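First comes the structure, then the notes that go with it.
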Amino acid sequence: MIRILTNDGIDETGKKMLLDAGFEVITDKVEQGSLGAFLEQKQVQVLTVRSATKVDSSILHAAKHLKLVARGGVGIDNIDSETAGKLGIPVINTPASSSDSVAELVIAGMFSMCRFLYDSNRQMPLKGDTDFNELKKKYAGGTELKNKTLGIVGLGRIGQAVASRALGLGMKVIAYDPHVAHANITIDIKGAGKLVVPIQTNSLEEVITACDYLTLHVPGGKIIGDNEINKMKKGACIINTSRGGVVDEQALLEGLNNGKIAHAFLDVFTNEPKPDKALLQHPKISLTPHIGAATKEAQERIGVELAEKIIAHFKN
């Protein structure tokens, strides 16, 4: 019997699929420092993780029975895939499961910025009963998303899901992706059918200089730093729901402080789970604690996709 440790949890639907297929599923949460020894002691053959667990070289070398590492999510940057490859351990992920959830969070972040919702939700409980009219004046300068330009860096599944929603809001969408020359964006209008909008990608510089909002959907790397921020429109906004470090946090803080960048929305941080306090306390940043895929629907899709891929790996 194949033994699986779902160290960061798995949706009940996916768990049931694995149990029905004859796998043993362990749902214990094993601390990082004890994981390698636990995997070896229990002779675990499959390890599934989300973003919390780091599968480093020491864990992979310790787990002699490990035959597969699976990540519930898009990227695999928390898994030492190079070492896994050398040890003959395949690494898989679930790139198709969280696109809708992340895309909706991006749109929520843009609404939060353009209508000052993040700051209003901080201030109203403190001052709403004493400074109501002053707060009303403070937030009177909101803007609409319609007719604004959204720049998307990374036009994969998530980038295209964001584009679909932004187009539905009446935004202009431009994109950069070195691996995608063009994409057909589908806007699914319930009860009225589907509308397909073609998008040709541009250079990174063209995107960052023309956009009012910039959202990033790449697996990692440093994409936006001082140079890129200096080229952006004054008053532009930046959204990062991809990976911490894709946007240089110090460059972002400087851009916010000097007025080049109007607002930012961050779901991911360089030093998770202990983000820089300067980011957490900045009055122009809307924040969430890495919850891009944290919806009931996405978690079920992730669990199902994980189960399907694990079952297929051992049945083929």
Side-chain angles (χ1 to χ4, degrees), residues 1-98 101-102 219-220 242-244 267-269 271-275 289-315:
M1 178 180 290
I2 303 296
R3 184 171 292 137
I4 302 171
L5 172 64
T6 59
N7 205 49
D8 293 336
I10 187 171
D11 182 81
E12 286 298 318
T13 303
K15 178 183 175 182
K16 184 177 185 302
M17 289 172 63
L18 291 169
L19 291 172
D20 289 346
F23 294 83
E24 179 184 346
V25 181
I26 303 172
T27 56
D28 296 345
K29 173 62 179 178
V30 182
E31 294 302 317
Q32 187 77 36
S34 306
L35 183 56
F38 182 92
L39 293 171
E40 180 59 17
Q41 179 187 359
K42 297 293 185 180
Q43 298 186 10
V44 172
Q45 290 130 304
V46 181
L47 171 63
T48 78
V49 300
R50 292 282 314 280
S51 58
T53 300
K54 312 300 179 186
V55 187
D56 58 25
S57 177
S58 64
I59 291 171
L60 292 168
H61 278 104
K64 305 297 184 183
H65 296 82
L66 200 59
K67 299 183 183 300
L68 182 68
V69 178
R71 182 179 187 276
V74 179
I76 56 171
D77 50 303
N78 59 321
I79 300 170
D80 186 344
S81 55
E82 182 178 351
T83 297
K86 291 178 181 178
L87 295 174
I89 304 171
V91 177
I92 61 175
N93 61 349
T94 60
S97 298
S98 59
S101 293
V102 177
S242 56
R243 290 290 181 271
D267 183 51
V268 292
F269 306 87
N271 193 34
E272 293 183 25
K274 295 183 178 180
H290 203 152
I291 59 168
T295 62
K296 293 179 180 179
E297 294 86 350
Q299 291 309 301
E300 181 172 343
R301 289 192 297 266
I302 287 170
V304 168
E305 189 175 354
L306 276 177
E308 289 174 343
K309 288 189 172 182
I310 292 170
I311 292 167
H313 177 81
F314 288 98
K315 296 302 182 183

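We use all heavy atoms of the structure for the numbers below, so side chains are in, but hydrogens, waters and symmetry mates are not. Here the structure is a predicted model, which means the values were calculated and not measured. Along the sequence shown, residues are numbered consecutively beginning with 1.
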Could you tell me if the side chain of [Y] sits less than 4.5 Å from the side chain of [X], heavy atoms only?
X: Arg71; Y: Ile79; value: yes
X: Ser57; Y: Glu82; value: no
X: His65; Y: Leu39; value: no
X: Ile310; Y: Thr48; value: yes

Looking at [X] and [Y], would you say the former's side chain and the latter's main chain have a donor-acceptor pair under 3.5 Å?
X: Thr6; Y: Leu47; result: no
X: Arg50; Y: Gly72; result: yes
X: Asp267; Y: Ile291; result: yes
X: Arg3; Y: Lys42; result: yes
X: Asn78; Y: Thr53; result: yes
X: Gln45; Y: Leu68; result: no
X: Asp28; Y: Val30; result: no
X: Asn7; Y: Val49; result: no

How many angstroms lie between [atom1] in [X] and [atom2] in [Y], if you round to the nearest 0.5 Å?
X: Asp11; Y: Glu300; atom1: CG; atom2: CD; value: 5.0 Å
X: Phe23; Y: Ile4; atom1: CZ; atom2: CD1; value: 5.5 Å
X: Ile10; Y: Leu5; atom1: CD1; atom2: CG; value: 11.0 Å
X: Glu308; Y: Lys315; atom1: CD; atom2: NZ; value: 14.0 Å

Testing Asp80, Leu60, Val46, Ile59 for side chain to side chain contact (heavy atoms under 4.5 Å, CB included) with Val69, which one passes?
-> Leu60
Any chance [atom1] of [X] has more than 12 other-residue heavy atoms, nucleotides or ligands included, within less than 6.0 Å?
X: Lys309; atom1: NZ; value: yes
X: Lys29; atom1: NZ; value: yes
X: Gln32; atom1: CD; value: yes

What is the minimum heavy-atom distance between [X] and [Y], and which atoms define it?
X: Gly73; Y: Thr94; answer: N-OG1, 2.8 Å
X: Ala84; Y: Val91; answer: CB-CG2, 3.7 Å
X: Leu306; Y: Ala70; answer: CD2-CB, 3.6 Å
X: Gly75; Y: Asn93; answer: N-ND2, 4.4 Å
X: Ala294; Y: Gln299; answer: CA-NE2, 4.0 Å
X: Ala298; Y: Ser101; answer: CB-OG, 3.2 Å

Between Glu297 and Arg301, is there a salt bridge with N-O shorter than 4.0 Å?
-> no
Any ion pair linking Lys64 and Glu40 (charged N to carboxylate O, less than 4.0 Å)?
-> no
Do Ile92 and His313 pass the side-chain contact (heavy atoms from CB on, under 4.5 Å) test, and can you show the C-alpha distance, the side-chain angles, and the key distance before you say yes or no?
-> CA-CA 10 Å; Ile92 61 175; His313 177 81; 5.8 Å; no
